[in-house]
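As structure tokens, the structure follows; a few thoughts come after it.
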Amino acid sequence: MQKLGDFKVPQFFNYPPYFTLQPVRETREKQIQLWKDLILDYCRTQKIFVIGLEEEFPLFSNPVIERSLSHEAREAFLSALVSEGRAEWMDKGHRKCLILWHRIQDWADIILGFVKDNGLEDSVMTVEEIRSGTECRGTELQGMDRTILMRALKLLEQKGKLAIFKGTSADDEGVKFSI
């Protein structure tokens with residue numbers, strides 16, 4: 001089985017036709033589903049939150065079989081994730097894509113679990129501590145994309161689970177949990 005670092009790629013990754021958009025609808029639908037699952041799984045295990053369409057991305061080429069995805073195929077697979085709410089285009093030109101391997105609601109639930117597991121129910125933390133503090137080490141929150149974190153925190157704020165307060169800079173924004 002081929003690997004990209006410590007990530008095991010599925011068998012289809014070594015099948016050249018999967019690097020070309022398939023013309024038959026049923027085959028293309030299966031191809032798109034396989035690529036969506038692969039992209040989400042890879043991004044989750046490697047903690048990747050943004051994919052640039054014009055940038056090198058390990059999944060988009062396979063040197064073993066000398067194949068690469070075309071720009072059209074990359075955009076088709078990422079657009080399929082966007083249509084399912086598992087990604088969002090970060091710009092109008094569709095050059096960068098924010099990958100939501102967890103939906104925002106799921107991230108919010110993970111944050112609540114983290115707060116409860118660490119006895120932080122009535123505490124104050126900076127936004128930066130939530131993604132890079134000692135308590136988050138070894139959790140899914142470690143190294144989390146700030147944009148996604150802020151959206152999950154704002155969702156929790158709307159539900160009355162916390163209050164976000166601004167500091168003098170983005171680095172000292174705080175969160176007061178009230179769970």
Side-chain angles (χ1 to χ4, degrees), residues 4-7 9-10 13 18-22 28-29 31-62 67-114 125-133 136 139-159 161-175:
L4 290 174
D6 59 351
F7 182 80
V9 294
F13 193 73
Y18 274 92
F19 280 84
T20 305
L21 277 175
Q22 296 300 301
R28 183 183 285 220
E29 286 172 3
Q31 176 190 31
I32 288 173
Q33 186 61 51
L34 287 169
W35 275 99
K36 287 188 309 188
D37 293 344
L38 176 60
I39 291 167
L40 289 173
D41 193 34
Y42 183 78
C43 288
R44 181 182 49 75
T45 60
Q46 305 302 308
K47 290 198 169 253
I48 295 170
F49 293 91
V50 177
I51 296 177
L53 227 56
E54 274 110 41
E55 298 164 19
E56 284 295 312
F57 186 67
L59 291 182
F60 291 162
S61 64
N62 184 344
R67 290 287 189 274
S68 293
L69 289 174
S70 67
H71 185 277
E72 179 189 11
R74 294 173 189 207
E75 190 167 358
F77 300 148
L78 292 174
S79 290
L81 286 170
V82 169
S83 70
E84 286 185 359
R86 299 310 302 263
E88 296 174 1
W89 291 112
M90 298 175 76
D91 60 336
K92 288 184 174 141
H94 291 194
R95 290 186 302 275
K96 286 197 181 291
C97 196
L98 182 68
I99 305 298
L100 300 170
W101 27 279
H102 288 307
R103 290 181 169 89
I104 299 299
Q105 177 59 57
D106 298 332
W107 279 115
D109 293 342
I110 290 167
I111 293 167
L112 286 179
F114 165 78
M125 294 181 82
T126 66
V127 170
E128 207 47 43
E129 282 177 309
I130 296 170
R131 59 188 291 268
S132 63
C136 80
T139 72
E140 286 190 278
L141 298 177
Q142 184 178 0
M144 183 179 179
D145 180 81
R146 186 176 175 81
T147 303
I148 294 172
L149 175 59
M150 290 307 297
R151 288 183 49 201
L153 291 173
K154 284 178 181 153
L155 179 63
L156 290 170
E157 185 176 43
Q158 291 166 359
K159 292 181 174 187
K161 304 285 186 185
L162 58 84
I164 300 171
F165 50 93
K166 301 269 183 218
T168 53
S169 71
D171 289 346
D172 63 359
E173 283 180 298
V175 176

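Note that the structure is a prediction, hence the values are computed from the model and not measured.
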| request: Could you name each residue pair satisfying side-chain hydrogen bond (donor to acceptor under 3.5 Å, both in side chains) that touches residues 149-158, not counting sequence neighbours? | output: Glu88-Arg151

| remark: CZ (Phe114) and SG (Cys136) are apart, to the nearest 0.5 Å, by 6.0 Å

| query | From Thr139 OG1 over to Met144 CE, what is the distance, rounded to the nearest 0.5 angstrom? | reply | 9.5 Å

| said: Surrounding CD of Glu54 (heavy atoms of other residues, nucleotides or ligands, distance under 6.0 Å), is the total greater than 12? | reply: yes

| message | Between Glu55 and Lys96, does any NZ, NE, NH1 or NH2 come within less than 4.0 Å of an OD or OE carboxylate oxygen? | response | yes

| Which distance, rounded to the nearest 0.5 Å, do you find between the CG of Leu149 and the CD1 of Ile111? | 5.0 Å

| message | If you compare all heavy atoms of Val175 against all heavy atoms of Phe165, which two are closest, and at what distance to 0.1 Å? | response | N-CE2, 3.7 Å

| field | From Leu141 atom CG to Ile148 atom CD1, the distance as rounded to the nearest 0.5 Å | value | 11.5 Å

| said: For a quick test of reading the model, state the closest non-hydrogen atom pair linking Arg74 to Leu53 and the distance between them. | reply: NH1-O, 3.1 Å

| message | Tell me if the centroids of the rings in Phe13 and Phe7 come within less than 6.0 Å of each other. | response | no

| query | Looking at Leu100 and Gly85, what are the two nearest heavy atoms and their distance? | reply | CD1-O, 3.7 Å

| said: Looking at Glu173 and Arg146, is any side-chain nitrogen of the basic one under 4.0 Å from a carboxylate oxygen of the acidic one? | reply: yes

| said: Can you tell me how far apart CD (Glu56) and OG (Ser61) are? Round to the nearest 0.5 Å. | reply: 6.0 Å

| Who are the side-chain contact (heavy atoms from CB on, under 4.5 Å) partners of Gln22, not counting sequence neighbours? | Pro17, Thr20, Thr27, Arg28, Gln31

| request: Of all the heavy-atom pairs spanning Phe57 and Cys43, show the shortest one and how long it is. | output: CZ-SG, 4.1 Å

| task | Please report the closest heavy-atom contact between Ala152 and Trp107, naming both atoms and the distance. | result | CB-CB, 3.9 Å

| said: One pair to check against side chain to side chain contact (heavy atoms under 4.5 Å, CB included): Trp101 and Phe49. What are the steps and the verdict? | reply: CA-CA 8 Å; Trp101 27 279; Phe49 293 91; 3.3 Å; yes

| said: As an exercise, state the distance from CG of Leu81 to CG of Leu98, rounded to the nearest 0.5 Å. | reply: 11.5 Å

| request: Determine, stepwise, if the pair Ile99 / Leu78 fulfils side chain to side chain contact (heavy atoms under 4.5 Å, CB included). | output: CA-CA 9 Å; Ile99 305 298; Leu78 292 174; 3.9 Å; yes

| field | Distance-minimising heavy-atom pair for Trp89 and Ser79 | value | CZ2-OG, 3.4 Å

Solution key, residues 32-41 side-chain donor-acceptor pairs under 3.5 Å, sequence neighbours excluded:
| unit_1 | atom_1 | unit_2 | atom_2 | d |
| --- | --- | --- | --- | --- |
| Gln33 | OE1 | Lys36 | NZ | 3.2 |
| Gln33 | NE2 | Asp37 | OD1 | 2.9 |
| Gln33 | NE2 | Asp37 | OD2 | 3.4 |
| Trp35 | NE1 | Tyr18 | O | 3.0 |
| Lys36 | NZ | Glu84 | OE2 | 2.2 |
| Asp41 | OD1 | Arg44 | NH2 | 2.4 |

